[in-house]
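Before any comments, here is the structure.
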Amino acid sequence: MNAVYPAQNHPPYPSANGIIANGHVSASPVRQSQQLPPRPPDTTVPQLVVHAFWKQRLAPLPGFCSAPDLFRAPAPEPPLLTPPTPRSVSDKSLPDDEHEFGELDIHVRFVLYPLRTRIITSHFKAESYIPQYLRDIQKAPHRFSPLPPVPVYPPSSYFDDFPLSPIIKTKYTVLLSDCTTLSKPPLPENISLSPISDDYQGHWLALHAWELCKNADDRKKIVLWKTSITVSNWEQAEFSIFVPGIRENHPRLELGDIVHLKEVLVDWNAGTGEAFEGRVVMLRKREGHLYFHCPSLKEYVEYALRMKGNPPALLPKDSQKISQSFNVSFLANAGPATAMEIAIRTLGGALRSTKIRSLLHRWILPEASDLESDPPVPSIPPHMTQEHWVDGGLNLEQRVLAALSIARYQSSLPFLISGPPGTGKTRTIVETVHQILRSQPRAHILLCAPSNPATDTLAQRLRTTLAPRDMLRLNDPNRTFAEIPDAIRPFCYIPKDDGKFALPPWKALMKYKVVVTSCLDAEMLVSARCTNVVLGALEDDVMEALRPDDRRPVTPHWTHLLIDEAAQGSEPELLIPISVVYTRSKEEESATPHSPSPDYHPLSTAPQLVLCGDPNQLGPIISSDTARKNELDVSLLERLFERPVYAEHPEARSKAPRPAALQWQNGGLPGFKPFVNLTKNYRSHPAILMPPSAMFYNDSLEPYATNGLISWAGLPNPSFPLKFIGSYTKEDSINEKATWFNPGEIERIVEVVSDLMAEANKSSPPLQAQDIGVMAPWREQVWRLRVSLRKQGFAGVDVGSVEDFQGREKRVIIISCVRSTPKYLAEDRAKGIGLVFEKKRMNVAITRAKELLVVVGNGGLLSRDPYWKGFLQFAIRNNLYVGPELKVEMDGAWISKLESELVLAQEENGFVNGDADEDRRAMMIAGNLAREVLREER
């Protein structure tokens with residue numbers, strides 16, 4: 001086990017970089033800008049010890065930088081905990097040296113030499129010939145100057161603003177002294193993990209390490225051979241490269257990743273021995289471009305031009321390529337992983353150390369007995385009975401069952417809000433914030449979401465009613481101003497002398513009523529010692545010294561944690577904000593009861609946890625197959641909904657509705673339950689709701705949308721604004737199958753858009769190009785669709801991936817399924833990509849449309865997926881399918897009550913079409929009976 005290389009221990013050293021001029025190597029002068037002066041160690045920050053296994057896979061942590069001799073000699077691979085897997089038969093035929101860098105992931109762009117290409121697996125990976133000199137460059141020693149370290153944030157000077165600053169620093173060190181991160185390699189992947197109820201910390205640390213290792217190895221496998229580099233911003237020393245694999249996030253690259261460049265002399269089939277280190281500062285995944293900051297490369301290019309006698313006017317301009325070529329490789333950023341590991345260790349240690357069933361147990365592993373031992377209690381003054389709504393358009397579910405239940409009652413269990421598409425989840429969360437602040441004036445709310453765009457949306461919704469003095473939009477210092485909407489800029493803290501987003505001074509931070517930040521960026525509050533545990537420990541120490549005979553329970557600073565879109569984040573990610581808000585009582589710490597006042601109630605000082613989202617939509621992106629098999633892709637929201645206290649409740653979404661007289665009662669509070677299922681859909685036409693309601697939401701969705709009307713002569717059944725176009729054209733690929741496209745489907749979609757726009761004025765209101773959204777599961781299809789539509793004059797049509805459309809809606813949605821070849825389905829399924837056997841991605845795709853849904857795809861292939869088969873059955877029995885003959889068994893599965901009611905209404909109005917409608921009616925009856933039987937069984 002080795003400590004990471006701290007920046008303050010780096011001695012100044014000369015750089016021996018060379019430059020090629022007329023075929024000769026010349027030494028460059030010492031780079032004074034790269035000399036790192038010694039700095040005193042920060043004793044307030046726990047010294048982290050990183051295992052050698054991770055040092056070779058991850059970028060240095062803040063406060064540390066890469067060792068100057070990183071590329072002096074090939075670094076041996078650290079031993080694993082288990083012997084390496086023996087090679088397969090196909091591997092044995094290949095020389096050893098061809099395995100080290102030859103097997104490349106399909107998403108890596110590299111030079112193809114058609115004289116020698118071997119396929120070594122039955123799927124996408126291929127071993128393409130890479131010239132030996134390029135491999136030799138990767139292995140050879142290189143002269144190298146590391147980037148300066150990312151500063152530790154917040155700096156130690158931040159804590160000078162705290163009252164009793166020495167105490168708070170000491171408390172922080174003690175509380176996090178056991179949070180040594182990345183100190184061990186991952187466990188073998190073939191072990192059986194203990195369930196989270198037995199070993200919460202060990203379970204998640206193992207999954208987290210597997211996922212981190214997979215992400216790191218995916219990055220390490222990427223080698224972009226002989227890559228050209230474009231200047232993005234010469235003054236800021238920023239450059240860009242094209243990486244097609246990032247379009248589909250496989251493998252994934254993130255901000256903060258380290259880029260290593262080793263120079264290649266293409267004409268000489270050799271390297272110069274020069275290596276450079278950059279840091280990823282921006283990703284444009286749609287275009288496939290990665291941007292990185294690399295001052296040493298800028299200095300090197302300037303020196304090369306001076307050596308050739310070029311005047312300063314010939315320095316590279318922005319958007320211009322530099323003349324040098326490089327082999328490019330990557331190291332993963334360890335920052336987010338470190339934050340998650342600290343949260344796992346903090347909360348896992350708290351669960352393990354307490355001798356009683358604590359609040360944290362009830363948040364993480366809730367049981368029905370928790371409600372019996374500590375039933376919910378009112379948390380508002382008795383006289384506050386008059387309702388006042390900021391959002392007057394909310395329905396009864398959103399107002400009473402969600403917002404008021406959270407604001408007016410204190411419960412020991414997490415309050416869960418399940419919101420299918422179009423049911424107003426975010427509106428409900430925003431109104432809940434208003435109701436909490438109205439009923440509890442002393443409340444301090446931490447409001448989070450897994451992504452920055454979702455977090456910005458929350459801030460934008462609240463900015464109209466909250467002043468900048470009341471709400472803070474907390475951003476990571478490395479976030480760019482261009483990423484954040486101008487409307488919420490006044491709610492961000494930007495020091496005048498720095499020009500970057502930052503934490504406000506501690507006293508100012510404590511005054512905000514609402515702090516809005518992403519789940520990952522909540523780590524800044526942990527690092528700033530602004531957690532309930534640390535602040536409570538400070539207050540307890542002070543009160544113990546001032547009033548030793550009058551000990552009272554500490555009131556937490558953070559009274560509520562609300563997480564929107566909670567289903568999109570992994571459980572370790574959500575543990576970061578939970579670690580900010582959770583509290584520990586004296587009973588938990590010492591099992592010694594104190595003597596509270598007579599009116600004290602255990603829940604009166606307990607913060608409230610609220611999770612809101614849709615477990616049936618896209619969840620966290622997980623790269624590791626082993627971690628995915630062990631359900632790291634199951635969000636905390638989804639896991640909690642599967643706990644008996646929620647799943648076995650009579651009003652759970654999986655249960656049949658019960659009469660009011662039989663509604664569950666708890667703790668003397670009639671009707672109170674620790675969750676709400678939003679059912680009223682304000683987005684889509686009833687026909688568009690029919691398949692997802694039956695397949696994913698136990699037939700519970702209710703249409704409440706008030707939309708316009710799309711006029712299109714191409715609709716096969718005018719009663720249903722939905723069409724399935726069967727397309728059996730083959731898909732194709734470029735970039736070694738890094739991404740896929742289907743020319744036939746592109747043609748059909750352009751035809752559909754053209755037909756719709758030809759009748760645009762007949763729609764009510766008239767249809768515009770920007771009202772149409774086209775989605776596909778692969779970026780290459782997205783790009784080709786965009787180009788084809790622009791050629792036809794439809795540049796306003798919004799084209800993107802399914803992930804791009806999550807949380808959005810359009811009047812018209814057209815889906816291109818792309819995949820038409822069965823042999824690729826297994827690979828798609830293993831990687832979690834595409835639309836087949838991906839029910840959550842399918843659900844997102846078919847629930848974005850408001851007035852018209854069109855699906856273009858290979859029906860025969862899609863019918864292999866039980867959910868797509870159900871969708872095709874719906875299309876066939878309602879005459880919505882157009883295309884080649886499709887043989888799909890019609891078994892009456894997933895017939896929604898909405899569909900049955902529509903058929904019944906048609907019959908009552910005389911719309912009957914002989915035997916075909918009789919068969920359809922019989923199927924509706926069978927579907928209704930099956931639905932009721934299933935409900936009774938539940």
Side-chain angles (χ1 to χ4, degrees), residues 5 10-36 55-56 59-60 65-77 97-98 100-102 110-111 130-148 219-231 237 239 241 258-279 292-310 316 321-331:
Y5 201 179
H10 273 209
Y13 61 90
S15 173
N17 291 306
I19 184 68
I20 296 295
N22 301 321
H24 300 286
V25 179
S26 302
S28 67
V30 175
R31 298 182 192 163
Q32 298 296 333
S33 63
Q34 294 299 309
Q35 295 183 7
L36 304 174
K55 286 175 61 180
Q56 298 184 17
C65 61
S66 300
D69 59 352
L70 181 65
F71 297 125
R72 296 289 169 84
E77 190 75 7
D97 64 336
E98 292 193 5
E100 185 161 359
F101 291 96
F110 50 87
V111 181
I130 304 300
Q132 187 62 45
Y133 84 90
L134 289 177
R135 300 182 183 188
D136 291 342
I137 290 173
Q138 288 300 101
K139 298 177 184 179
H142 281 72
R143 293 172 290 273
F144 167 72
S145 294
L147 279 171
R219 287 164 176 75
K220 197 174 179 181
K221 288 177 183 177
I222 305 172
V223 180
L224 309 182
W225 306 99
K226 293 198 307 186
T227 301
S228 60
I229 293 178
T230 302
V231 176
F239 304 86
I241 54 177
I258 290 293
V259 181
H260 285 142
L261 307 101
K262 297 180 179 179
E263 189 175 14
V264 178
L265 292 174
V266 178
D267 295 337
W268 294 78
N269 288 353
T272 64
E274 293 293 337
F276 305 91
E277 185 172 73
R279 183 174 287 110
F292 62 94
H293 175 68
C294 188
S296 59
L297 178 59
K298 175 186 176 182
E299 183 180 346
Y300 184 76
V301 172
E302 288 178 331
Y303 181 77
L305 292 172
R306 288 199 303 269
M307 290 291 292
K308 293 180 180 180
N310 292 316
K321 290 186 177 180
I322 63 176
S323 59
Q324 293 90 341
S325 296
F326 300 88
N327 288 347
V328 181
S329 56
F330 301 87
L331 287 181

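The model shown is predicted, which means the values in this text are computed figures rather than measured ones.
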Passes side chain to side chain contact (heavy atoms under 4.5 Å, CB included), F326 versus L297? Steps please.
CA-CA 11 Å; F326 300 88; L297 178 59; 3.6 Å; yes

Test side chain to side chain contact (heavy atoms under 4.5 Å, CB included) applied to V301 and V231, step by step
CA-CA 11 Å; V301 172; V231 176; over 6 Å; no

Determine, stepwise, if the pair Q138 / W225 fulfils side chain to side chain contact (heavy atoms under 4.5 Å, CB included).
CA-CA 10 Å; Q138 288 300 101; W225 306 99; 3.6 Å; yes

For a side chain to side chain contact (heavy atoms under 4.5 Å, CB included) check, start with the C-alpha distance between L70 and H260, then their side-chain angles and the critical distance, and finish with the verdict.
CA-CA 11 Å; L70 181 65; H260 285 142; 3.7 Å; yes

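The distance from atom CD of E277 to atom CG of L147, rounded to the nearest 0.5 Å, is 4.5 Å. With rounding to the nearest 0.5 Å, the separation of CG in L265 from NZ in K226 is 11.5 Å. Atom NZ in K220 sits 8.0 Å away from atom CG in L331 (nearest 0.5 Å). We find the OG1-CD1 distance between T230 and I322 to be 8.5 Å, quoted to the nearest 0.5 Å. Here the CG-OG distance, from D267 to S325, works out to 9.0 Å after rounding to the nearest 0.5 Å.
L305 has its side chain within reach of P316: a pair of non-hydrogen atoms, C-beta onward, lies under 4.5 Å apart. Counting only heavy atoms from C-beta outward, the side chains of H142 and F276 never approach each other to under 4.5 Å. Between R279 and I258, some side-chain heavy-atom pair lies under the 4.5 Å cut-off. Side chains of I229 and L261 form a contact here, defined as non-hydrogen atoms less than 4.5 Å apart. Side-chain contact between Y133 and V264 is present, with heavy atoms from C-beta onward closer than 4.5 Å. With a 4.5 Å cut-off on side-chain heavy atoms, W268 and T272 do not count as touching.
Scanning both residues, P295 and A237, for their nearest heavy atoms gives CA-CB, 3.8 Å. In this structure, F71 and A275 approach most closely via the heavy-atom pair CD1-CB, 3.8 Å. For the residue pair N269 and V266, the shortest heavy atom distance occurs at OD1-O, 3.2 Å. When every heavy atom of F239 is checked against every heavy atom of C294, the shortest pair comes out as CE1-O, 3.5 Å. Minimum heavy-atom separation, C65 to P60: C-CG, 3.6 Å.
The closest side-chain donor-acceptor pair between E263 and Y300 falls under 3.5 angstrom.
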